[in-house]
Amino acid sequence: MKKRKTLKSVYSLSDLKSWRDIDPPIRLGVFGDPVEHSLSPQMQNGALEHCKIDMQYARFHILPNGLRKAFDLIRKLEFVGVNLTIPHKIAALELLDATEDNVKRIGASNVIRIENGKLRGFNTDGRGFSRAVREEFSVDLRDLRVMVLGAGGAARAIALQCAKENCERLVIANGTFEKGQQLADSLRNFFEGPKVLGPVPRLQAVPWEERAFQFQIANVDLIVNATPVGLNRGDASPIPSRLLAPHVMVYDTIYSEKRTPLVSAAIEAGARAANGLSMLLHQGALAFEIWFQREAPLEVMRAAIR
Ligand code: NAP
(Lines give C-alpha, C1' and ligand atoms only; values in the text may rest on other atoms or scores of the structure.)
Protein backbone atom coordinates (compact mmCIF):
# COMPACT_ATOMS: atom_id res chain seq x y z
CA MET A 1 0.00 0.00 0.00
CA LYS A 2 1.29 3.51 -0.76
CA LYS A 3 2.70 5.60 2.09
CA ARG A 4 0.15 7.95 3.62
CA LYS A 5 0.89 11.67 3.47
CA THR A 6 1.51 13.16 6.91
CA LEU A 7 -1.45 15.13 8.20
CA LYS A 8 -1.23 18.53 9.82
CA SER A 9 -1.72 18.17 13.56
CA VAL A 10 -4.78 20.46 13.51
CA TYR A 11 -6.81 21.92 10.61
CA SER A 12 -8.97 25.04 10.86
CA LEU A 13 -12.18 26.41 9.37
CA SER A 14 -10.01 28.43 6.94
CA ASP A 15 -8.41 25.20 5.77
CA LEU A 16 -11.88 23.79 5.10
CA LYS A 17 -12.85 26.95 3.18
CA SER A 18 -9.91 26.62 0.79
CA TRP A 19 -9.71 22.85 0.92
CA ARG A 20 -6.91 21.11 -0.94
CA ASP A 21 -7.18 17.37 -0.99
CA ILE A 22 -4.22 15.26 -0.11
CA ASP A 23 -3.69 11.61 -0.87
CA PRO A 24 -5.40 9.64 0.61
CA PRO A 25 -8.08 12.32 1.04
CA ILE A 26 -9.32 13.47 4.45
CA ARG A 27 -12.98 12.42 4.68
CA LEU A 28 -13.37 12.09 8.45
CA GLY A 29 -12.37 14.10 11.49
CA VAL A 30 -13.07 15.43 14.95
CA PHE A 31 -14.43 18.95 15.56
CA GLY A 32 -13.58 20.55 18.89
CA ASP A 33 -12.33 23.61 20.75
CA PRO A 34 -9.79 22.70 22.09
CA VAL A 35 -9.02 19.63 19.99
CA GLU A 36 -5.22 19.27 20.09
CA HIS A 37 -5.45 16.60 22.78
CA SER A 38 -7.75 14.28 20.80
CA LEU A 39 -6.47 10.72 20.37
CA SER A 40 -9.16 9.91 17.79
CA PRO A 41 -6.98 10.53 14.70
CA GLN A 42 -4.40 7.89 15.66
CA MET A 43 -7.15 5.42 16.57
CA GLN A 44 -9.28 5.96 13.45
CA ASN A 45 -6.35 6.25 11.03
CA GLY A 46 -5.03 2.95 12.39
CA ALA A 47 -8.40 1.39 11.61
CA LEU A 48 -8.68 2.98 8.14
CA GLU A 49 -5.22 1.82 7.15
CA HIS A 50 -5.78 -1.68 8.52
CA CYS A 51 -9.08 -2.00 6.61
CA LYS A 52 -7.46 -0.57 3.45
CA ILE A 53 -10.02 2.23 3.29
CA ASP A 54 -8.45 4.93 1.17
CA MET A 55 -9.11 7.99 3.33
CA GLN A 56 -7.79 9.76 6.42
CA TYR A 57 -9.13 11.27 9.64
CA ALA A 58 -7.95 14.67 10.97
CA ARG A 59 -8.40 17.10 13.89
CA PHE A 60 -10.31 20.32 13.19
CA HIS A 61 -10.18 23.28 15.54
CA ILE A 62 -13.68 24.72 15.08
CA LEU A 63 -14.93 27.57 17.28
CA PRO A 64 -18.58 27.52 18.38
CA ASN A 65 -19.53 30.29 15.92
CA GLY A 66 -17.92 28.36 13.03
CA LEU A 67 -19.79 25.08 13.47
CA ARG A 68 -22.62 25.81 11.01
CA LYS A 69 -20.18 26.84 8.28
CA ALA A 70 -17.96 23.82 8.96
CA PHE A 71 -20.98 21.50 8.58
CA ASP A 72 -21.91 23.16 5.26
CA LEU A 73 -18.37 22.68 4.01
CA ILE A 74 -18.00 19.02 4.94
CA ARG A 75 -21.32 18.31 3.21
CA LYS A 76 -19.95 19.81 -0.01
CA LEU A 77 -16.57 18.11 0.42
CA GLU A 78 -18.33 14.74 0.66
CA PHE A 79 -17.01 13.78 4.07
CA VAL A 80 -18.20 10.44 5.44
CA GLY A 81 -18.72 11.94 8.89
CA VAL A 82 -17.14 13.52 11.96
CA ASN A 83 -16.85 13.11 15.70
CA LEU A 84 -17.85 16.01 17.92
CA THR A 85 -16.17 16.90 21.17
CA ILE A 86 -16.29 19.83 23.62
CA PRO A 87 -18.13 22.20 23.12
CA HIS A 88 -20.07 21.01 20.06
CA LYS A 89 -21.87 17.87 21.25
CA ILE A 90 -24.94 19.77 22.45
CA ALA A 91 -24.86 22.83 20.16
CA ALA A 92 -24.76 20.63 17.06
CA LEU A 93 -28.24 19.23 17.66
CA GLU A 94 -30.06 22.16 16.10
CA LEU A 95 -27.88 21.97 13.00
CA LEU A 96 -28.49 18.29 12.22
CA ASP A 97 -31.00 16.99 9.65
CA ALA A 98 -31.82 13.81 11.56
CA THR A 99 -30.89 12.11 14.82
CA GLU A 100 -31.28 8.64 16.29
CA ASP A 101 -33.65 8.40 19.26
CA ASN A 102 -31.12 8.34 22.07
CA VAL A 103 -29.53 11.58 20.79
CA LYS A 104 -32.80 13.37 21.50
CA ARG A 105 -33.01 11.83 24.96
CA ILE A 106 -29.39 12.58 25.83
CA GLY A 107 -29.41 16.00 24.18
CA ALA A 108 -25.93 15.46 22.77
CA SER A 109 -24.33 13.85 19.72
CA ASN A 110 -20.73 12.67 19.38
CA VAL A 111 -20.90 11.05 15.93
CA ILE A 112 -22.24 12.41 12.64
CA ARG A 113 -22.70 10.46 9.45
CA ILE A 114 -23.31 12.30 6.20
CA GLU A 115 -25.87 10.53 4.04
CA ASN A 116 -26.69 12.09 0.64
CA GLY A 117 -25.66 15.51 1.93
CA LYS A 118 -27.76 15.16 5.10
CA LEU A 119 -26.22 15.16 8.59
CA ARG A 120 -27.44 12.37 10.85
CA GLY A 121 -26.47 12.45 14.54
CA PHE A 122 -25.66 9.47 16.76
CA ASN A 123 -24.40 9.05 20.30
CA THR A 124 -22.00 6.17 21.01
CA ASP A 125 -20.80 7.30 24.47
CA GLY A 126 -23.33 5.22 26.43
CA ARG A 127 -22.74 1.99 24.52
CA GLY A 128 -18.99 2.64 24.55
CA PHE A 129 -19.15 3.05 28.32
CA SER A 130 -21.10 -0.19 28.74
CA ARG A 131 -18.55 -2.16 26.71
CA ALA A 132 -15.71 -0.52 28.63
CA VAL A 133 -17.18 -1.55 32.00
CA ARG A 134 -17.64 -5.12 30.81
CA GLU A 135 -14.06 -5.22 29.58
CA GLU A 136 -12.49 -3.58 32.65
CA PHE A 137 -14.46 -5.32 35.39
CA SER A 138 -16.00 -8.43 33.68
CA VAL A 139 -19.48 -7.42 34.78
CA ASP A 140 -22.64 -6.15 33.08
CA LEU A 141 -24.43 -2.94 34.01
CA ARG A 142 -27.63 -4.87 34.68
CA ASP A 143 -25.96 -6.46 37.73
CA LEU A 144 -24.67 -3.21 39.19
CA ARG A 145 -25.78 -0.45 41.53
CA VAL A 146 -24.26 2.62 39.89
CA MET A 147 -23.54 6.15 41.08
CA VAL A 148 -22.84 8.65 38.30
CA LEU A 149 -21.05 11.91 39.15
CA GLY A 150 -22.26 14.67 36.82
CA ALA A 151 -25.34 15.45 34.76
CA GLY A 152 -23.78 16.86 31.57
CA GLY A 153 -23.57 15.22 28.13
CA ALA A 154 -21.40 12.26 29.14
CA ALA A 155 -23.34 11.64 32.36
CA ARG A 156 -26.67 11.68 30.50
CA ALA A 157 -25.42 9.15 27.94
CA ILE A 158 -24.08 6.89 30.71
CA ALA A 159 -27.18 7.20 32.88
CA LEU A 160 -29.47 6.38 29.93
CA GLN A 161 -27.36 3.32 29.10
CA CYS A 162 -27.54 2.12 32.74
CA ALA A 163 -31.32 2.61 32.63
CA LYS A 164 -31.73 0.81 29.29
CA GLU A 165 -29.70 -2.13 30.57
CA ASN A 166 -31.89 -2.22 33.68
CA CYS A 167 -29.11 -1.69 36.21
CA GLU A 168 -29.99 -2.59 39.78
CA ARG A 169 -29.84 0.96 41.05
CA LEU A 170 -28.89 4.39 39.69
CA VAL A 171 -27.80 7.39 41.73
CA ILE A 172 -27.01 10.76 40.14
CA ALA A 173 -24.79 13.16 42.10
CA ASN A 174 -24.38 16.56 40.52
CA GLY A 175 -23.06 19.93 41.64
CA THR A 176 -26.21 21.69 40.45
CA PHE A 177 -28.65 19.40 42.23
CA GLU A 178 -31.67 20.39 40.08
CA LYS A 179 -29.89 19.19 36.94
CA GLY A 180 -29.22 15.83 38.57
CA GLN A 181 -32.84 15.65 39.67
CA GLN A 182 -34.05 16.42 36.15
CA LEU A 183 -31.88 13.66 34.75
CA ALA A 184 -33.21 11.16 37.30
CA ASP A 185 -36.81 12.23 36.57
CA SER A 186 -36.28 11.73 32.83
CA LEU A 187 -35.36 8.07 33.48
CA ARG A 188 -38.13 7.30 35.95
CA ASN A 189 -40.07 5.00 33.59
CA PHE A 190 -37.10 2.61 33.28
CA PHE A 191 -37.09 1.96 37.03
CA GLU A 192 -40.66 0.98 37.69
CA GLY A 193 -39.87 -2.74 37.45
CA PRO A 194 -39.82 -5.26 40.25
CA LYS A 195 -36.16 -5.21 41.35
CA VAL A 196 -36.36 -4.57 45.09
CA LEU A 197 -33.35 -3.54 47.12
CA GLY A 198 -34.59 -2.85 50.60
CA PRO A 199 -34.80 0.65 52.01
CA VAL A 200 -32.83 2.56 49.32
CA PRO A 201 -34.64 3.85 46.22
CA ARG A 202 -33.70 2.32 42.85
CA LEU A 203 -33.39 5.75 41.24
CA GLN A 204 -32.28 8.82 43.08
CA ALA A 205 -30.58 12.20 42.68
CA VAL A 206 -28.37 13.28 45.58
CA PRO A 207 -26.54 16.52 46.39
CA TRP A 208 -22.81 16.88 45.80
CA GLU A 209 -21.94 16.50 49.48
CA GLU A 210 -19.63 14.32 51.50
CA ARG A 211 -22.46 12.95 53.63
CA ALA A 212 -24.43 11.89 50.57
CA PHE A 213 -21.35 10.27 49.01
CA GLN A 214 -20.61 8.39 52.20
CA PHE A 215 -24.10 6.96 52.47
CA GLN A 216 -24.34 6.08 48.78
CA ILE A 217 -20.92 4.43 48.58
CA ALA A 218 -22.16 1.83 51.06
CA ASN A 219 -25.06 1.16 48.66
CA VAL A 220 -23.45 1.09 45.21
CA ASP A 221 -21.01 -1.16 43.34
CA LEU A 222 -19.76 1.17 40.61
CA ILE A 223 -18.86 4.87 40.80
CA VAL A 224 -18.48 6.73 37.50
CA ASN A 225 -16.88 10.14 37.19
CA ALA A 226 -18.55 11.93 34.27
CA THR A 227 -17.37 15.41 35.27
CA PRO A 228 -14.15 17.10 34.18
CA VAL A 229 -12.90 17.07 37.80
CA GLY A 230 -9.42 15.58 37.57
CA LEU A 231 -8.71 16.85 34.08
CA ASN A 232 -6.64 19.83 35.19
CA ARG A 233 -3.34 19.54 36.93
CA GLY A 234 -3.83 20.17 40.64
CA ASP A 235 -7.45 18.94 40.67
CA ALA A 236 -8.33 16.85 43.70
CA SER A 237 -10.26 13.59 43.37
CA PRO A 238 -14.02 14.29 43.17
CA ILE A 239 -14.36 11.71 45.97
CA PRO A 240 -11.59 11.52 48.57
CA SER A 241 -9.89 8.20 49.17
CA ARG A 242 -11.10 7.96 52.77
CA LEU A 243 -14.72 7.72 51.54
CA LEU A 244 -13.99 4.96 49.04
CA ALA A 245 -13.99 1.30 50.00
CA PRO A 246 -12.51 -1.91 48.58
CA HIS A 247 -15.91 -3.25 47.44
CA VAL A 248 -16.49 -0.48 44.87
CA MET A 249 -15.38 -0.37 41.26
CA VAL A 250 -14.43 3.08 40.01
CA TYR A 251 -14.60 4.21 36.38
CA ASP A 252 -13.21 7.64 35.54
CA THR A 253 -14.31 8.78 32.07
CA ILE A 254 -11.30 11.10 31.98
CA TYR A 255 -8.46 9.45 30.11
CA SER A 256 -4.81 10.15 30.58
CA GLU A 257 -1.56 8.26 30.55
CA LYS A 258 -1.07 8.94 34.24
CA ARG A 259 -3.51 7.89 36.92
CA THR A 260 -6.31 10.41 37.35
CA PRO A 261 -6.86 11.72 40.92
CA LEU A 262 -9.98 9.53 41.28
CA VAL A 263 -8.19 6.40 40.05
CA SER A 264 -5.34 7.09 42.50
CA ALA A 265 -7.82 7.60 45.35
CA ALA A 266 -9.59 4.35 44.47
CA ILE A 267 -6.37 2.34 44.35
CA GLU A 268 -5.30 3.84 47.67
CA ALA A 269 -8.61 2.64 49.14
CA GLY A 270 -8.07 -0.87 47.78
CA ALA A 271 -10.76 -0.55 45.09
CA ARG A 272 -10.55 -1.59 41.45
CA ALA A 273 -10.35 1.36 39.07
CA ALA A 274 -10.04 2.21 35.36
CA ASN A 275 -9.79 5.41 33.37
CA GLY A 276 -11.69 6.49 30.26
CA LEU A 277 -9.32 5.10 27.65
CA SER A 278 -11.45 1.99 27.19
CA MET A 279 -14.60 4.13 26.75
CA LEU A 280 -12.76 6.23 24.18
CA LEU A 281 -11.80 3.06 22.33
CA HIS A 282 -15.28 1.55 22.29
CA GLN A 283 -17.15 4.75 21.42
CA GLY A 284 -14.66 5.15 18.55
CA ALA A 285 -15.13 1.57 17.36
CA LEU A 286 -18.91 2.09 17.35
CA ALA A 287 -18.43 5.32 15.36
CA PHE A 288 -16.34 3.43 12.78
CA GLU A 289 -19.14 0.88 12.48
CA ILE A 290 -21.71 3.64 11.94
CA TRP A 291 -19.60 5.19 9.18
CA PHE A 292 -18.63 2.00 7.35
CA GLN A 293 -21.28 -0.57 8.32
CA ARG A 294 -18.58 -3.10 9.09
CA GLU A 295 -16.89 -4.42 12.18
CA ALA A 296 -14.17 -2.17 13.57
CA PRO A 297 -10.67 -3.62 14.02
CA LEU A 298 -10.77 -3.21 17.79
CA GLU A 299 -7.31 -4.53 18.59
CA VAL A 300 -5.68 -2.33 15.95
CA MET A 301 -7.48 0.69 17.40
CA ARG A 302 -6.52 -0.29 20.94
CA ALA A 303 -2.84 -0.60 20.00
CA ALA A 304 -2.98 2.80 18.27
CA ILE A 305 -4.04 4.67 21.42
CA ARG A 306 -1.88 2.77 23.83
P1 NAP B 1 -20.40 18.79 30.36
O2 NAP B 1 -21.59 18.50 29.51
O3 NAP B 1 -19.81 20.14 30.35
O4 NAP B 1 -20.81 18.40 31.86
C5 NAP B 1 -19.97 18.65 32.92
C6 NAP B 1 -20.57 18.09 34.24
O7 NAP B 1 -19.55 18.16 35.22
C8 NAP B 1 -21.74 18.89 34.77
O9 NAP B 1 -22.64 18.00 35.36
C10 NAP B 1 -21.10 19.80 35.82
O11 NAP B 1 -21.95 20.08 36.93
C12 NAP B 1 -19.99 18.92 36.33
N13 NAP B 1 -18.86 19.71 36.85
C14 NAP B 1 -18.07 20.56 36.16
N15 NAP B 1 -17.14 21.08 36.98
C16 NAP B 1 -17.36 20.56 38.22
C17 NAP B 1 -16.75 20.72 39.49
N18 NAP B 1 -15.68 21.50 39.64
N19 NAP B 1 -17.25 20.02 40.54
C20 NAP B 1 -18.30 19.19 40.38
N21 NAP B 1 -18.94 19.00 39.19
C22 NAP B 1 -18.46 19.67 38.13
O23 NAP B 1 -19.19 17.81 30.01
P24 NAP B 1 -19.27 16.35 29.33
O25 NAP B 1 -19.24 16.47 27.86
O26 NAP B 1 -20.36 15.60 29.96
O27 NAP B 1 -17.84 15.73 29.74
C28 NAP B 1 -17.57 15.36 31.08
C29 NAP B 1 -16.30 14.52 31.14
O30 NAP B 1 -16.50 13.28 30.48
C31 NAP B 1 -15.09 15.17 30.48
O32 NAP B 1 -14.05 15.21 31.42
C33 NAP B 1 -14.68 14.22 29.36
O34 NAP B 1 -13.28 14.02 29.37
C35 NAP B 1 -15.35 12.92 29.75
N36 NAP B 1 -15.72 12.12 28.57
C37 NAP B 1 -14.99 11.02 28.27
C38 NAP B 1 -15.32 10.22 27.18
C39 NAP B 1 -14.51 9.00 26.86
O40 NAP B 1 -14.68 8.45 25.77
N41 NAP B 1 -13.67 8.53 27.74
C42 NAP B 1 -16.41 10.57 26.38
C43 NAP B 1 -17.15 11.70 26.71
C44 NAP B 1 -16.80 12.47 27.80
P45 NAP B 1 -23.01 21.30 36.91
O46 NAP B 1 -24.24 20.78 36.27
O47 NAP B 1 -23.20 21.63 38.37
O48 NAP B 1 -22.36 22.42 36.13
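All values below come from the heavy atoms of this structure, side chains included, with hydrogens, waters and symmetry mates left out. All ligand and atom numbering here is 1-based and tracks the order in the structure. Predicted model, so just to flag it, every value in this text is computed and none were measured.
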May I have the N/O to N/O pairs between ligand 1 and the protein that fall below 3.5 Å, each with atom names and distance to one decimal?
from	atom 1	to	atom 2	distance (Å)
ligand 1	2 (O)	G153	N	3.0
ligand 1	9 (O)	A151	N	2.8
ligand 1	9 (O)	G152	N	3.3
ligand 1	9 (O)	N174	OD1	2.7
ligand 1	11 (O)	N174	OD1	3.2
ligand 1	26 (O)	G153	N	3.1
ligand 1	26 (O)	A154	N	2.7
ligand 1	30 (O)	T253	OG1	3.1
ligand 1	40 (O)	L280	N	3.3
ligand 1	41 (N)	T253	O	2.9
ligand 1	41 (N)	G276	O	3.0
ligand 1	46 (O)	N174	ND2	2.9
ligand 1	46 (O)	K179	NZ	2.8
ligand 1	47 (O)	T176	N	2.8
ligand 1	47 (O)	T176	OG1	2.5

Any donor-acceptor pair under 3.5 Å from Q283 side chain to L280 backbone: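 Yes, Q283 side chain to L280 backbone: donor-acceptor pair under 3.5 Å.
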Going by heavy atoms in the side chains, are N219 and R169 under 4.5 Å from each other?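 Yes, their side chains come closer than 4.5 Å.
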When rounded to the nearest 0.5 angstrom, what distance separates CG in L48 from CE in M301?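 CE of M301 is found 8.0 Å from CG of L48.
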Donor-acceptor side-chain pairing of T124 and N110 below 3.5 angstrom: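 Yes, a side-chain donor-acceptor pair sits under 3.5 Å.
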If you measure only the distance, is there a donor-acceptor pair under 3.5 Å linking the side chains of H61 and E36?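 No, because no side-chain N or O of H61 sits under 3.5 Å from a partner of the opposite role on E36.
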Sidechain N-carboxylate O distance under 4.0 Å for R142, E165: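 No, no charged N to carboxylate O under 4.0 Å.
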